Amino acid sequence: MTPADLKDAVRAAVIAVVNNGDLAVAVPEDVVVERPKVKDHGDYATNIALVLAKPAGKNPREVAQLVAARLEQAEGIDSVEIAGPGFLNIRLSGDALGQVARQVLASGAAYGTNDRAAGQNINLEFVSANPTGPIHIGGVRWAAMGDALARLLQASGAKVSREYYFNDHGAQIDRFARSLLAAAQGQPAPEDGYGGAYIAEIAQRVTEQVPDVLSQQDPQEVFRERGVALMFEEIKASLHDFGVDFDVYFHENALHESGAVERAIERLRGLGHMYEQDGALWLRTTEFGDDKDRVVIKSDGDPAYISGDLAYYLDKRERGFDRVVIMLGADHTGYVGRMMAMCAAFGDTPGVNLEILIGQLVNLLRDGEPLKMSKRAGTVITLEDLVEAIGVDAARYALVRSSADSQLDIDLDLWARKTSDNPVFYVQYAATRAASVLRNAADLGLTVDDDADLTLLTHPRENDLLLALAEFPSVVATAAELREPHRVARYLEEKVAKSAQRFWDDCQVLPKGDEPVADTTAPRLLLWKATRTVLENGLGLLGVTAPERM
RNA sequence: GCGCUCGUAGCUCAGUGGAUAGAGCAACCGCCUUCUAAGCGGUCGGUCGCAGGUUCGAGUCCUGCCGGGCGCGCCA
């Protein structure tokens with residue numbers, strides 16, 4: 001009996017009461033079944049009676065009694081109590097709960113997947129850091145969270161394309177090229193240019209590739225082209241080492257070279273949303289809620305930055321994506337209005353066809369002090385720095401375990417620690433304990449028996465753990481739907497790992513010394529295997545490994 | 001000034017309108033001759049920034065105010 005099964009049972013009970021003529025209401029499509037906070041309130045609770053009371057014109061406790069009487073008859077349900085204003089507190093029969101472990105094993109690596117987003121074709125763009133330098137800490141949050149979200153959406157049945165928008169067009173690239181040239185000539189960085197050791201390094205590599213670069217006719221062009229390519233490879237490589245690979249690396253330049261920008265502008269012109277003023281071409285975004293209209297082609301004839309966004313959005317839609325999701329840093333909050341207006345100008349629905357997720361900034365702390373970053377001083381903290389300090393698993397976990405809405409402080413000392421203070425180690429330790437029990441069992445010649453008698457799992461710790469495992473699919477679905485991967489991390493930590501550690505502490509599994517094999521050994525082994533499966537699957541969704549031993 | 005966002009325990013953070021607001025850390029007290037003590041149990045700790053409103057019910061939704069962050073260019 002999973003929560004989903006229980007929902008069906010509750011709904012069936014309501015239908016029965018309605019068909020019986022005792023209740024005159026429309027049966028809701030979805031009913032809420034949740035784990036009560038207080039243990040005395042049973043395994044699950046539903047507020048269905050409170051929801052139906054008003055439309056039914058009865059008081060909630062009356063409705064509760066009608067539904068409870070039916071629900072109590074359902075298979076797998078031990079008891080239903082009416083509590084408080086009209087909650088139904090439900091207790092499952094021991095066997096129904098134990099079945100969860102068997103279901104986990106039957107699904108294996110697929111346990112937790114769901115079809116809530118089936119049929120959606122999603123384009124997920126994230127990181128998209130400029131190719132003018134290494135990926136710094138701001139982009140890393142999205143690398144971890146975007147990749148986790150992609151995995152979650154896929155686990156919910158969506159088709160997902162991970163995409164990286166590579167801004168290799170425009171003035172910033174010129175500044176980058178000038179900076180490389182200056183470095184190669186042994187001159188200081190230009191006033192508006194980029195500094196730091198990586199500039200010198202890239203300049204050096206370009207010089208190695210083209211030894212006579214400085215005597216060529218247009219050396220800056222050589223530095224631009226080769227420098228961008230080298231930076232691009234470096235960014236791709238460090239993301240790959242971080243466990244993040246994209247399906248498409250889209251070059252902004254392509255939009256300008258292929259005529260896609262012009263086509264997008266023509267489309268909008270045809271829809272009547274473009275106008276000329278002061279020698280520039282404008283998009284009337286105010287018509288769609290933006291606070292000012294936006295210049296698309298500047299009066300000097302050059303395309304403004306937004307022109308690329310127009311063409312890029314249209315391109316994504318034409319490639320067949322019905323949902324375009326873009327993850328941006330807090331320094332891009334000002335974009336949202338114009339992007340949504342643009343989406344509407346194309347005749348699409350903002351919030352559905354286009355979603356923009358904004359993530360707040362990340363601070364790194366060492367010895368309780370924030371690490372200050374300065375591009376000028378070259379004290380930029382990069383993805384590699386973070387990985388070097390705490391490792392890929394800890395970095396990814398730290399970055400996804402908090403809501404993107406809140407600014408995040410990452411204490412490097414804490415996350416580098418190999419103790420239980422460090423949340424990722426806490427979860428991984430639970431996973432290794434599960435692995436170790438299974439390994440030790442195998443050494444004793446005990447295999448996991450799918451037919452183990454699960455009614456023997458009656459200990460409160462076993463009960464808690466089973467309830468935790470049963471929640472996994474709905475946690476995955478919710479996290480995907482709300483675009484909140486942190487829900488998975490919190491679930492693994494606070495529900496699964498916690499329950500598993502307690503289970504370990506109170507419920508011996510394997511015989512010690514000359515002890516005979518206990519009746520509980522087989523069902524407990526099965527429960528451990530199910531636990532290991534959920535931890536593996538859950539950590540996998542976050543891009544974090546589940547080690548066999550530590 | 002306008003817009004977005006955040007404000008929950010000493011600290012870092014959970015809590016998609018439900019019951020007595022949770023977890024980890026920190027502090028203090030316990031539990032290892034036996035499957036990993038890298039763990040477990042317990043104590044302490046809160047006017048959910050403030051004030052109104054909506055609701056049977058508000059940390060959650062609405063309004064105003066206070067405080068922090070970010071953004072408001074024919075830059076990209």
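Numbers restart at 1 for each chain; the letters A, B, ... are given by sequence-line order, proteins then strands. Values in this document were obtained by computation on a predicted structure and should not be read as measured data.
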Toward the 5' end of RNA chain B, by each residue's nearest nucleotide, A:D506 or A:I358: A:I358

Compute whether any side-chain donor of one residue and acceptor of the other, for A:S499 and A:D464, lie under 3.5 angstrom apart. no

Tabulate atom names and distances for all N/O pairs under 3.5 angstrom spanning the protein and nucleotides 20-24 of chain B.
from  : atom 1 : to     : atom 2 : distance (Å)
B:G24 : OP1    : A:K498 : NZ     : 3.3

Answer with yes or no whether the side chains of A:Y397 and A:N422 bring together a donor and an acceptor at under 3.5 Å. no

Listed partners of A:N89 passing side chain to side chain donor-acceptor pair (under 3.5 Å), at least two apart: none

Contact class for A:A45 vs. all strands (heavy atom < 4.0 Å): base, sugar-phosphate, or nothing? base

Taking the C1' atom of each, how far is B:G15 from B:A58, in whole Å? 13 Å

A:R487: which residues meet the side chain to side chain donor-acceptor pair (under 3.5 Å) condition with it, sequence neighbours left out? A:E484

With sequence neighbours left out, write down each residue that passes side-chain contact (heavy atoms from CB on, under 4.5 Å) with A:A530, or none if nothing qualifies. A:A101, A:V104, A:L105, A:L469

Contacts of A:H169 that satisfy side chain to side chain donor-acceptor pair (under 3.5 Å) - sequence neighbours left out: A:N253

Where along residues 462-485 of chain A does a heavy atom fall under 4.0 Å from RNA chain B? A:T478, A:L482

Can you list every side chain to side chain donor-acceptor pair (under 3.5 Å) pair that touches residues 433-447 of chain A, not counting sequence neighbours? A:Y429-A:R433, A:R433-A:Q501

Could you work out the separation of B:G45 and B:G10 based on their C1' atoms and round it to a whole Å? 8 Å

Can you list everything that forms a ring-ring contact (aromatic ring centres under 6.0 Å, His included) with A:Y491? Sequence neighbours excluded, please. A:F472

By the salt bridge (Lys or Arg N to Asp or Glu O under 4.0 Å) test, which pairs, at least two apart or in different chains, include something from residues 397-414 of chain A? A:R401-A:E493

Considering only atom P, compute the distance from B:C48 to B:U34 and round it to an integer number of Å. 47 Å

Measure CG/A:L414 against C1'/B:A38 and give the value in whole Å, please. 14 Å

Sequence-aligned protein contact record of nucleotides 69-75 of chain B, with B where the base is within under 4.0 Å of a protein heavy atom and S where only the sugar-phosphate is: SBSSSBS

Counting runs of three or more consecutive pairs, Watson-Crick or G-U wobble, with each distance below 3.5 Å, where are the stems of RNA chain B? B:1-7 with B:66-72, B:10-13 with B:22-25, B:27-31 with B:39-43, B:49-53 with B:61-65

So the salt bridge (Lys or Arg N to Asp or Glu O under 4.0 Å) pairs with at least one residue in residues 283-299 of chain A (sequence neighbours excluded) are A:R284-A:E287, A:D290-A:R294, A:D291-A:R294

Counting the atoms with a prime plus P, OP1 and OP2 as sugar-phosphate, which does A:A83 contact under 4.0 Å by heavy atoms, base, sugar-phosphate, or nothing? base

Does B:A38 have A:F425 stacked on its base, where the ring centres are within less than 5.5 Å and the planes differ by under 30°? no

What one should report as the nearest heavy-atom pair of A:A441 and A:L525 is CB-CD2, 3.6 Å

Donor-acceptor pair between A:Q172 and A:N167 side chains, under 3.5 angstrom: no

Which heavy-atom pair separates A:D168 from A:E252 by the least distance, and what is that distance? OD1-N, 3.2 Å

